[in-house]
Amino acid sequence: MSKKCIKCGAELDDIAVFCDECGTKQIIQHTAAGNEKAFSKVKPQNPANSTQTFSSEETLIYSNSIGKKNSALGIASLVFGIISILSFGVLIIPELIGLIIGFIDLKDSNYKHSFTIVGIILSILSIVLFIIMMVIGSHA
């Protein structure tokens with residue numbers, strides 16, 4: 001135990017990420033050819049001022065979604081997907097509109113696509129549900 005907490009000074013295991021005493025996230029050090037590099041340090045959360053620093057890897061992961069909003073086409077794709085799944089795929093028009101709008105929206109990289117992807121998945125599921133109902137209905 002040669003590592004100490006950056007906040008309270010408690011002794012920690014060398015591989016500890018959080019302090020056992022105060023819960024503060026510790027500096028993560030990677031050793032490669034004797035070089036130690038601190039990748040991230042998270043200061044303890046204080047309601048008055050909460051600051052957080054990210055490593056280059058974390059910044060790369062989160063930079064694609066920060067500041068982006070869902071587009072109107074993505075929301076429309078989600079709405080049509082919900083309508084199509086609630087109608088059990090019987091109304092074929094909402095499924096097709098949800099798919100078309102969803103795929104059009106996926107081309108625009110200025111927006112998040114979470115609603116769009118859910119809308120496309122719901123539209124595809126409702127088409128599959130409709131096909132299954134038609135096959136079961138034809139055998140009855």
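Here the structure is a predicted model, which means the values were calculated and not measured.
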Under the 3.5 angstrom rule, does the side chain of K3 hit a backbone N or O of A16 as a donor-acceptor pair? yes
Do side-chain atoms of S126 reach the backbone of F88 as a donor and acceptor pair under 3.5 angstrom? no
Atom CE of residue position M133 - does it have more than 12 heavy atoms of other residues, nucleotides or ligands inside 6.0 Å? yes
How long is the straight-line distance from [atom2] of [Y] back to [atom1] of [X], given to the nearest 0.5 Å?
X	Y	atom1	atom2	answer
L73	I100	CG	CD1	12.0 Å
K4	I6	NZ	CD1	14.5 Å
I92	S123	CD1	OG	10.0 Å
S84	I93	OG	CD1	12.0 Å

Determine, using the 4.5 Å side-chain heavy-atom cutoff (strictly less than), whether [X] and [Y] are members of one ILVMFWY cluster.
X	Y	answer
V135	V90	no
F80	V118	no
I83	I97	no
I85	L96	no
I101	I124	no

Do K25 and V17 have side chains that get closer than 4.5 Å, going by heavy atoms? yes
Quick one: closest heavy-atom pair of L12 and D20, and the distance? CD2-N, 3.8 Å
Considering non-hydrogen atoms only, spot the tightest contact between L91 and P94 and give its length. O-CD, 3.2 Å
Step by step, work out the side chain to side chain contact (heavy atoms under 4.5 Å, CB included) result for I120 and T116. CA-CA 6 Å; I120 290 171; T116 306; 4.1 Å; yes
